[in-house]
Amino acid sequence: MSTDVVTDRAADRPADRGPGPAVPIDRSALTAVHRTVLDWYQANARDLPWRRPGTTAWAVLVSEVMLQQTPVSRVEPAWRAWMDRWPAPADLAAAPAAEVLRAWDRLGYPRRALRLQECARAVVDRHGGVVPDTEDALLALPGIGAYTAAAVAAFTYGRRAVVLDTNVRRVLGRALEGRALPAPALGRAERERAAGYVPEDRETSVRWNVGVMELGALVCTARSPRCERCPLQTRCAWVRAGRPADAHAATRRRQAWHGTDRQVRGRIMAALRDAPDGWTAESALLQAGADGADPAALPDPRQPARALASLVADGLAVRGDDGHPSRYRLP
DNA sequence: AATGCGGGGGT
DNA sequence: ACCCCAGCATT
């Protein structure tokens, strides 16, 4: 039996070309990878609060939504305070949206907070306050996509699912497919390959999903992977290939931040949150959007107004009525 | 398939 | 400075 994890055929196939076999890896080698990751996870898992026994499905769901593009270190304290304040879907459903957005604070992408509250209301209205236990039903909830639906189904209900986040994609891409980093976009072919890697046994699949994710978060990191600490080091297709560079490096372009509408929106949201109960004058918001300067001095003088209008369109801010048309507040 | 959407900490 | 983070909704 070969000790190579990746078959020659799989290694030679151009990245993301054609469907290919669902499992381009030797079956017994895959089983060994499963066992290795499960053992490693048992010895190295972090003690994250949402992993503790007794955590409700709703609490897990909230953690997953907060973790959408926000690192664990920042989510942890926010999640504790949040769950302390709104422990059940009905609690969040009944809260004023402004309070929800204020509690969201600087986790980023505040639309997620609105969606999470919509999700709470949907759970109450459609499911009697009980988080649904199937991926399809979860996927139908606001703010719940493929990853979060799979994660909740697997981690709180013990379902066999294809949990495919940035960590899992990176570990699978490296260890089993020899890539430095996953493709910028998650396509059908990659999803099908990942599905083929999930252990058949239900309980094993749950530990595999969380184990691979943890390995990606702690060892097989994007920037400087700690291969010397990796339990898959001797099997890793990427290491065996000499850790080749990222094939998508040229097309992988970071979204700009300085001077963008997103940055300006963020400043305006911060200003809106700082007005505890009352309204904020439009002029103050535009100035906040310009980072305290005169908006007219910006390269694009209309940017703060545009950003504020987009926040209103997104339901993150509301404008005063006819009596106070130039004042705004959180919804 | 591509784009827009926050914010902060690690390197 | 740059990069990345347990993605989702919309086009």
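Reminder, nothing fancy here: chain letters follow the sequence lines and each chain counts from 1.
Comparing the same atom, P, in dT3(B) and in dA6(C) gives a spacing of 24 Å after rounding to whole Å. Taking atom C1' on both nucleotides, dC5(C) is separated from dG6(B) by 12 Å, rounded to a whole Å.
The side-chain hydrogen bond (donor to acceptor under 3.5 Å, both in side chains) analysis of residues 283-309 of chain A, with sequence neighbours excluded, yields the pairs D261(A)-Q303(A), D261(A)-R306(A), D300(A)-R306(A). Screening residues 62-87 of chain A for ring pair (Phe, Tyr, Trp, His ring centres under 6.0 Å) gives W50(A)-W79(A), W82(A)-W86(A), W82(A)-W104(A) as the qualifying pairs, with residues at least two apart or on separate chains. Residue pairs meeting the ring pair (Phe, Tyr, Trp, His ring centres under 6.0 Å) criterion with at least one partner in residues 121-159 of chain A, sequence neighbours excluded, are absent. Residue pairs meeting the ring pair (Phe, Tyr, Trp, His ring centres under 6.0 Å) criterion with at least one partner in residues 199-219 of chain A, sequence neighbours excluded, are H34(A)-W208(A).
Residue A217(A) is classed as having no contact, given no heavy-atom separation below 4.0 Å to the nucleic acid.
For DNA chain B, none of the residues of residues 151-171 of chain A falls under the heavy-atom distance limit of 4.0 Å. Remark: R46(A), L48(A), W50(A), R51(A), E64(A) in residues 42-66 of chain A come within less than 4.0 Å of DNA chain C through at least one heavy atom.
Residues L61(A) and I144(A) are in side-chain contact: their nearest non-hydrogen atoms beyond the backbone lie under 4.5 Å apart. Residues D39(A) and R35(A) form a side-chain contact, since some pair of their non-hydrogen atoms from C-beta on lies under 4.5 Å apart.
Within 6.0 Å of CD on E228(A) lie more than 12 heavy atoms contributed by other residues, nucleotides or ligands.
Heavy-atom nearest nucleotides on DNA chain C were determined for L181(A) and for I144(A), and the one closer to the 5' end corresponds to L181(A).
With a cutoff of under 4.0 Å to any heavy atom of chain A, the contacted region of DNA chain C is bounded 5' to 3' by dC3(C) to dA9(C).
With sequence neighbours left out, the side chain to side chain donor-acceptor pair (under 3.5 Å) criterion links R202(A) to no other residue. R319(A) meets the side-chain contact (heavy atoms from CB on, under 4.5 Å) test with P325(A), Y328(A); sequence neighbours excluded. For R46(A), the side chain to side chain donor-acceptor pair (under 3.5 Å) partners two or more places apart in sequence, or in a different chain, are E214(A).
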Item to check | Base-pairing string, 5' to 3', of DNA chain B - Watson-Crick or wobble, under 3.5 Å, | interstrand | outcome: |||||.|||||
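For the side chain to side chain donor-acceptor pair (under 3.5 Å) test with T148(A), the passing option among E64(A), E135(A), Q68(A) is Q68(A); the others fail.
For A113(A) against V100(A), the heavy-atom pair with the smallest separation is O-CG1, 3.8 Å.
Remark: E99(A) engages R102(A) in a salt bridge, criterion side-chain N to carboxylate O under 4.0 Å.
Atoms CZ and CZ, on R169(A) and R179(A) in that order, are 9.5 Å from each other to the nearest 0.5 Å.
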Checklist outcome for this item: Heavy-atom contacts, protein to nucleotides 3-11 of chain B, under 4.0 Å, summarised as B (base), S (sugar-phosphate only) or - (none) per nt, yield -BBBBS--S
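With hydrogens and angles disregarded, a donor-acceptor distance shorter than 3.5 Å links the side chain of R159(A) to the backbone of D133(A).
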